[in-house]
2 protein chains.
Amino acid sequence: MPRVGLDRNKIVEAAIELANNMGIEQVTIAALAKNLDVRPPSLYNHFASLTEIRMQIAKEGMQKLEDTLIRSVAGKSGEEALLTFAKQYLNFANQNPGLYEATIQPMSVPDKMVEETSKNMIDLLIQLLSSFSLEEHEALHLVRGLRSIVHGFSSLQRAGGFQMDFNVEDSLLYTIKLLCNGLKFEK
Amino acid sequence: MPRVGLDRNKIVEAAIELANNMGIEQVTIAALAKNLDVRPPSLYNHFASLTEIRMQIAKEGMQKLEDTLIRSVAGKSGEEALLTFAKQYLNFANQNPGLYEATIQPMSVPDKMVEETSKNMIDLLIQLLSSFSLEEHEALHLVRGLRSIVHGFSSLQRAGGFQMDFNVEDSLLYTIKLLCNGLKFEK
DNA sequence: TTACAAAACTAATATAATTAGTTAATATAT
DNA sequence: ATATATTAACTAATTATATTAGTTTTGTAA
């Protein structure tokens with residue numbers, strides 16, 4: 001019964017490592033307890049359920065992704081900003097597969113911080129689009145389109161949906177450029 | 001021990017209904033057995049594992065989706081065809097949530113029919129793009145872009161990623177139109 | 001030093017997938 | 001029609017999971 005000094009952070013760290021290496025499905029109470037060298041029930045002193053642990057992974061993933069994106073587009077605008085955004089998004093999903101996977105699981109319970117993070121991402125995209133001087137409803141449509149593109153590419157790639165002898169990032173950037181091209185000639 | 005006349009089809013039908021109503025996670029041996037009014041082990045006379053049942057759902061989903069799309073774009077080309085394709089794809093995902101969810105689970109085992117169905121979908125899109133007279137590599141990029149868009153919209157919507165007071169189909173069609181606009185002015 | 005809150009534990013419960021081995025219904029062959 | 005073989009469905013058991021209840025023990029603070 002020696003205390004191992006467990007806390008929420010250590011558990012989530014172990015969970016993220018497990019998610020990245022083995023997939024979110026493999027993040028189980030049993031596997032976490034083994035990795036942390038405690039008995040399964042011990043985790044319940046820090047989290048109410050497995051679901052709560054997975055939600056915590058998702059929250060940290062969203063924040064890290066948002067943070068990465070905000071930094072990467074700082075000082076950029078227009079097409080250059082959108083291309084950077086897209087490239088970094090795909091890169092994040094590739095480098096942190098389990099973490100990204102967690103962020104796209106439907107939330108069982110509405111969460112304030114998650115909603116705020118989503119909102120920040122949308123606001124960021126709205127900003128990036130400002131130089132195109134779109135009507136508000138057009139900008140809202142396009143924000144959805146951009147999110148769908150980056151998420152679509154990331155999750156199709158993860159699911160093995162692309163033949164890998166043809167560069168995926170190139171396809172993503174081609175698509176974004178085409179969209180920007182469409183914007184230039186919109187009127 | 002009266003025979004209830006179970007077969008692979010009946011099991012998959014029950015599984016699809018369960019998936020559509022409760023989500024793919026709820027497609028379990030136990031739940032299926034209860035719905036079909038047999039004991040759990042009986043299902044193993046028809047499928048080797050739960051994974052195999054879920055894979056069968058995915059296969060049927062992909063085929064039904066492909067079939068729907070091929071029919072819906074028959075006789076159409078260019079922008080009109082792409083808009084129809086996108087609309088029908090999103091509609092399929094909305095009308096058959098569990099079935100669609102199953103189709104996007106990573107396949108644990110490579111499957112010939114699945115690969116062929118994917119290939120058919122790609123070929124279909126290539127055809128739809130023919131009227132834009134793109135270079136081959138451009139067409140391949142764009143096929144990926146289109147798949148990512150429709151999948152991205154479908155799965156973000158399913159995950160509750162959009163505020164629903166703003167029409168999602170409109171956003172999808174706006175995005176596709178913008179892409180087409182970009183194509184027209186590409187050179 | 002004592003008291004208390006919290007961390008980790010053991011033991012138990014419930015549900016899941018799966019396997020082995022059995023029984024009985026059906027189809028097939030003589 | 002009867003005998004045989006196949007196979008659908010079963011019972012019982014195994015393994016693994018999450019979770020809860022209740023206990024022990026540690027560390028900290030009065």
Side-chain angles (χ1 to χ4, degrees), chain A residues 1-61 98-99 101-102 105-109 111, chain B residues 1-60 98 101-102 105-109 111:
Chain A
M1 325 70 190
R3 292 206 180 184
V4 72
L6 218 53
D7 61 21
R8 287 174 66 97
N9 262 327
K10 286 192 184 129
I11 293 174
V12 174
E13 269 176 34
I16 289 174
E17 191 188 337
L18 207 48
N20 281 333
N21 293 329
M22 315 282 287
I24 193 74
E25 293 296 313
Q26 301 307 311
V27 178
T28 61
I29 295 287
L32 279 173
K34 181 167 285 186
N35 285 8
L36 291 164
D37 214 31
V38 295
R39 302 301 153 131
S42 303
L43 301 181
Y44 290 89
N45 287 317
H46 305 276
F47 285 96
S49 67
L50 175 60
T51 302
E52 203 183 89
I53 295 177
R54 289 186 176 169
M55 267 191 48
Q56 192 56 38
I57 303 178
K59 284 162 83 166
E60 303 210 354
L99 199 52
E101 194 182 4
Q105 301 293 128
M107 286 278 149
S108 44
V109 173
D111 180 275
Chain B
M1 325 77 188
R3 293 204 179 186
V4 72
L6 217 55
D7 59 23
R8 288 174 64 97
N9 262 327
K10 284 191 184 131
I11 293 174
V12 174
E13 269 176 34
I16 289 175
E17 191 188 338
L18 208 48
N20 281 332
N21 292 330
M22 316 282 286
I24 193 73
E25 293 296 312
Q26 302 306 310
V27 177
T28 61
I29 295 288
L32 279 172
K34 182 168 284 186
N35 285 9
L36 291 163
D37 214 32
V38 295
R39 301 302 152 132
S42 303
L43 301 180
Y44 290 88
N45 287 315
H46 306 277
F47 286 96
S49 66
L50 175 59
T51 303
E52 204 183 90
I53 295 176
R54 289 185 176 170
M55 268 192 48
Q56 191 57 36
I57 303 179
K59 285 161 82 166
E60 302 210 354
E101 193 182 5
Q105 302 292 127
M107 286 278 148
S108 43
V109 174
D111 181 275

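Every chain is numbered from 1, with letters handed out A, B, ... down the list of sequences.
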Calculate the interatomic distance between A:R8 atom CZ and C:dA7 atom C1'; express it in whole Å.
-> 15 Å
Under the side chain to side chain contact (heavy atoms under 4.5 Å, CB included) rule, collect the residues that match up with A:E13, sequence neighbours excluded.
-> none
Contacts of A:N35 that satisfy side chain to side chain donor-acceptor pair (under 3.5 Å) - sequence neighbours left out | none
Listed partners of B:D7 passing side chain to side chain contact (heavy atoms under 4.5 Å, CB included), at least two apart | B:N9, B:K10
For DNA chain D, what residues of residues 47-58 of chain A have any heavy atom nearer than 4.0 Å?
-> A:S49, A:L50
Going by the salt bridge (Lys or Arg N to Asp or Glu O under 4.0 Å) test, which pairs reach into residues 32-44 of chain B, not counting sequence neighbours?
-> none
Those residues that, when tested against A:E52, pass salt bridge (Lys or Arg N to Asp or Glu O under 4.0 Å) (two or more places apart) | A:R8
Partner residues of A:D111 under the side chain to side chain contact (heavy atoms under 4.5 Å, CB included) criterion, sequence neighbours left out = A:M55, A:K59, A:M113, A:V114
Base D:dA9 paired with B:R3 side chain (donor-acceptor, <3.5 Å) | no
Considering residues at least two apart in sequence or located in another chain, which fulfil the side chain to side chain contact (heavy atoms under 4.5 Å, CB included) criterion with B:Q105?
-> B:I24, B:E101
Residue-level proximity of residues 20-46 of chain B to DNA chain D when a heavy atom falls under 4.0 Å = B:V38, B:R39, B:P41, B:S42, B:N45, B:H46
Would a 4.5 Å heavy-atom cut-off, applied to side chains only, mark B:T51 and B:V109 as touching?
-> no
